[in-house]
Protein chains: 2
Amino acid sequence: MQIRREEKAPAAPTVEDVARAADVSTATVSRCLNAPDRVSERTRERVMAAVRELGYAPNFGARALAAKRTNTFGAIIPTMENAIFARGLQAFQEALGQNGVTLLVASSSYRPDLEEDQIRELVARGADALLLIGHDRTPASYAFLEQRRIPVVHAWVHDPASPRISIGFDNRAAMKALAHEVMARGHDRLGVITAAREGNDRARERFAGICDAMAERGLDPASLAVEETPYSIPNGAEAFTRLMARDPRPTAILCGNDVLAVGALGAARKMGIDVPGSVSITGFDDIEIAEIVQPSLTTVHVPHREMGRRAAELLLALRNGDAAPQSVALPTHIVWRDSLGPAPKTPA
Amino acid sequence: MQIRREEKAPAAPTVEDVARAADVSTATVSRCLNAPDRVSERTRERVMAAVRELGYAPNFGARALAAKRTNTFGAIIPTMENAIFARGLQAFQEALGQNGVTLLVASSSYRPDLEEDQIRELVARGADALLLIGHDRTPASYAFLEQRRIPVVHAWVHDPASPRISIGFDNRAAMKALAHEVMARGHDRLGVITAAREGNDRARERFAGICDAMAERGLDPASLAVEETPYSIPNGAEAFTRLMARDPRPTAILCGNDVLAVGALGAARKMGIDVPGSVSITGFDDIEIAEIVQPSLTTVHVPHREMGRRAAELLLALRNGDAAPQSVALPTHIVWRDSLGPAPKTPA
DNA sequence: TTGAAAAATGTAAGCGCTTACATTGATCCC
DNA sequence: GGGATCAATGTAAGCGCTTACATTTTTCAA
């Protein structure tokens with residue numbers, strides 16, 4: 001049964017309480033918890049019994065204050081709502097856990113201003129190091145991070161030109177490769193559904209990759225039909241509907257990620273448009289759902305788990321002051337499924 | 001550029017630094033941050049300028065230690081990997097945010113022992129109140145929570161018989177209603193794919209609901225073909241395959257949630273089994289993907305957002321010591337889509 | 001102009017913990 | 001047996017913050 005506020009809140013037991021119960025000093029209690037081998041077995045047992053008895057849990061804030069380290073890392077991802085970051089983050093967390101580090105997660109809703117607050121918040125809460133997605137953030141965020149010398153790894157991106165440490169892949173090149181494959185199948189009226197590009201360098205890079213490929217094939221990137229919308233299945237569906245209303249109608253829609261692509265697929269079905277017969281659709285990320293939808297989605301596979309795991313290694317190395325780690329580039333590859341086909345013979 | 005450990009870490013600026021820079025006392029700085037109207041405008045501006053200048057961010061631990069409140073709540077969900085809890089949690093977080101409360105999230109991987117650690121961890125980190133999923137946890141967890149008088153709300157369940165405050169729905173009744181509808185369509189050889197029932201009361205209740213319905217229709221619950229497996233699409237697919245190998249083969253598969261059902265659907269397609277022609281499949285939760293798959297999934301709709309939002313209200317009320325709130329029961333309803341059809345005429 | 005009330009600010013204690021240093025007692029070698 | 005060594009434990013300072021209380025400054029009515 002829940003207890004009301006008025007009853008005097010039972011003070012949480014402190015080291016002092018434990019010390020008294022076990023008839024030792026607070027220093028000994030602390031040592032039992034942090035360096036058990038510096039305490040004799042007899043007293044240790046006595047202390048641990050008291051700890052259990054009292055339901056003692058050390059106050060994290062006080063501990064961080066006194067010890068000046070927390071074994072806590074932070075991660076800020078743009079969203080928890082869809083599965084894009086879930087797998088990578090899970091792997092990241094597992095790897096940290098194996099090294100005794102706790103992960104604090106925040107989500108920024110793709111808003112750099114919110115992310116800035118969250119960076120401060122996580123650091124104030126004691127994060128020793130941070131995992132951030134992409135490179136797009138406010139100058140104030142970077143100023144703060146640098147001033148505080150917080151180790152940071154940037155994931156989901158790789159830009160060899162940047163001095164910042166990152167682990168990820170070349171979004172631009174990956175999308176460019178996919179666009180080439182699409183065009184190689186005869187498509188020359190292309191459409192794209194992209195996430196909001198402002199504050200999202202992955203989206204910008206992927207978009208740029210499409211333009212690169214078009215230019216290389218002698219197509220004018222200005223002829224690209226563009227719809228920009230936040231990540232969600234219904235948004236993908238709406239954007240697809242708008243694209244289909246254009247004249248000329250595109251024969252292939254490249255989506256900035258799988259979530260948008262799944263929305264597009266759904267809209268196509270609802271509109272009775274055959275995929276890939278009349279229109280081809282591609283995704284990006286290769287999340288679980290890409291294989292499930294019908295037709296299954298041709299997309300770019302991103303090694304999420306490996307990225308998460310190695311991000312943890314990188315960040316751990318940084319925190320420990322090991323020889324300065326290098327950014328790492330991960331390979332991506334196209335997964336051939338059913339949603340991409342040749343351009344329709346008869347102009348739609 | 002990342003800085004190596006050896007260089008002396010720049011101490012984070014403290015209230016004292018700010019006070020010195022603004023030529024006021026630490027008390028005034030603190031007031032500027034916590035009760036700006038108790039400070040004259042002139043000094044406030046001076047202080048805030050110093051804060052900005054120095055990149056000051058108050059140390060959370062020290063603040064919690066001194067002020068004895070944190071405006072932080074915690075939530076422990078079984079998994080972040082799939083979307084089951086994402087929407088509800090998002091709504092929960094939004095509602096808390098509007099009330100100036102920060103949310104800390106942990107995931108327990110459906111393991112009560114891990115959850116116990118995480119409860120301690122969140123409380124040690126200053127969580128004033130906790131959102132937990134379901135009622136299944138170790139006695140030690142409840143002992144700790146009660147000893148510390150931590151306000152708790154249990155979500156995703158509703159059991160009027162329990163004294164614990166919960167917000168959710170009657171998993172058993174909801175699944176029972178669905179099972180009745182399935183049987184009303186002529187199915188009498190039923191199969192079920194359930195999540196691991198140990199440590200998961202929602203899964204147990206849903207399972208029990210099926211048995212209830214069978215008993216009410218004069219079917220022997222022992223004839224139910226049961227596959228138990230952790231939540232994941234591939235696991236759902238494998239379980240479905242095993243079910244199809246049974247003799248007699250079930251004509252309807254009730255899945256403990258949509259994720260498993262989507263896996264089953266995929267397996268059916270791969271095996272060339274017509275859904276719902278030869279076998280009907282149902283889900284539970286009505287997550288986004290249920291509408292996307294082909295055939296779309298008949299499932300039980302759960303009002304996730306409302307549950308999250310009202311969980312926040314409940315917890316806030318509890319924390320504030322408002323008149324003891326009551327558990328709330330939310331309605332669910334069956335969403336009719338394509339994966340459920342009549343039992344095949346000719347015995348399969 | 002003046003004194004009392006109100007507003008603004010300062011002083012300092014203490015939140016719960018870790019840890020440098022001090023102390024105690026046991027162990028051991030010659 | 002006795003000093004040196006070492007292990008076990010204790011003492012107490014202080015981490016960065018808030019806040020009760022004290023003090024100073026401003027405001028304002030008579």
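First the proteins, then the strands, lettered A, B, ... as listed; each starts at 1.
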My understanding is that only residues two or more places apart in sequence, or in another chain, count here; which of them pass salt bridge (Lys or Arg N to Asp or Glu O under 4.0 Å) with Arg63(A)?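 If we apply the salt bridge (Lys or Arg N to Asp or Glu O under 4.0 Å) test to Arg63(A), skipping adjacent residues, there are no hits.
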
Which class fits the ring pair Tyr110(A) and Phe85(A): parallel under 30°, tilted 30 to 60°, perpendicular over 60°?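 If you compare the ring of Tyr110(A) with that of Phe85(A), the planes turn out tilted.
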
When you check the side-chain N and O atoms of [X] and [Y], is any donor under 3.5 Å from an acceptor?
X: Arg319(A); Y: Asn71(A); result: yes
X: Arg164(B); Y: Ser327(B); result: no
X: Gln98(A); Y: Glu94(A); result: no

Report the nucleotide, chosen from [options], that has the shortest atom-to-atom distance to any side-chain atom of [X].
X: Ser40(A); options: dA8(D), dT18(D), dC15(D); result: dA8(D)
X: Arg38(A); options: dG10(D), dT9(D), dG10(C); result: dT9(D)
X: Tyr56(B); options: dT18(C), dC17(D), dC15(D); result: dC17(D)

Separation of [X] atom [atom1] from [N] atom [atom2], in whole Å?
X: Phe60(A); N: dC15(D); atom1: CZ; atom2: C1'; value: 14 Å
X: Lys68(B); N: dA20(D); atom1: NZ; atom2: C1'; value: 14 Å
X: Arg63(A); N: dG16(D); atom1: CZ; atom2: P; value: 18 Å
X: Glu16(A); N: dG10(D); atom1: CD; atom2: C1'; value: 13 Å
X: Leu65(B); N: dA13(C); atom1: CG; atom2: P; value: 17 Å
X: Arg20(A); N: dG16(C); atom1: CZ; atom2: C1'; value: 13 Å
X: Asn59(A); N: dC15(D); atom1: CG; atom2: P; value: 18 Å

On DNA chain D, nearest-nucleotide positions of Arg42(A) versus Val15(B): which is more 5'? Arg42(A)

Are OP1 or OP2 of [N] and a side-chain N or O of [X] less than 4.0 angstrom apart?
X: Arg69(A); N: dT19(C); answer: yes
X: Thr43(B); N: dA8(C); answer: no
X: Thr14(A); N: dG16(C); answer: no

Looking only at atom types and distance, does a side-chain atom of Gln118(B) sit under 3.5 Å from a main-chain N or O of Ile76(B), one as donor and one as acceptor? no

Does Arg148(A) use its side chain to pair, donor to acceptor, with the backbone of Gly55(B) at less than 3.5 Å? yes

Is [Y] close to [X] at the side-chain level, that is, under 4.5 Å between some pair of heavy atoms?
X: Asp159(A); Y: Ser166(A); result: no
X: Phe73(B); Y: Leu122(B); result: no
X: Phe92(A); Y: Arg309(A); result: no

Other residues, nucleotides, ligands: >12 heavy atoms within 6.0 Å of Asp23(B) CG: no

Check: protein-nucleotides 4-6 of chain D nitrogen or oxygen pairs below 3.5 Å:
none

Less than 4.0 Å between a side-chain N and a carboxylate O, is that true for Arg111(B) and Glu115(B)?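 Salt bridge absent between Glu115(B) and Arg111(B).
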
What are the atom names and distances for every N/O pair under 3.5 Å that joins the protein to nucleotides 4-7 of chain C?
none

Does any residue of residues 26-37 of chain A have a heavy atom under 4.0 Å from DNA chain D, and if so, which ones, in number order?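 Of all residues in residues 26-37 of chain A, the ones placing a heavy atom under 4.0 Å from DNA chain D are Thr26(A), Ala27(A), Thr28(A), Arg31(A).
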
For this output row, return yes or no: ring centroids of His135(B) and Trp156(B) closer than 6.0 angstrom.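 No, too far apart.
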
Estimated bend of the helix from dT1(C)-dA30(D) to dC30(C)-dG1(D) (axis per five terminal pairs, rounded to 10 degrees):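 Roughly 40° between the end axes, to the nearest 10°.
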
Test of understanding: with side chain to side chain contact (heavy atoms under 4.5 Å, CB included), list the residues that count as partners of Arg120(B), not counting sequence neighbours.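 Here the qualifying residues are Glu116(B), Phe144(B).
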
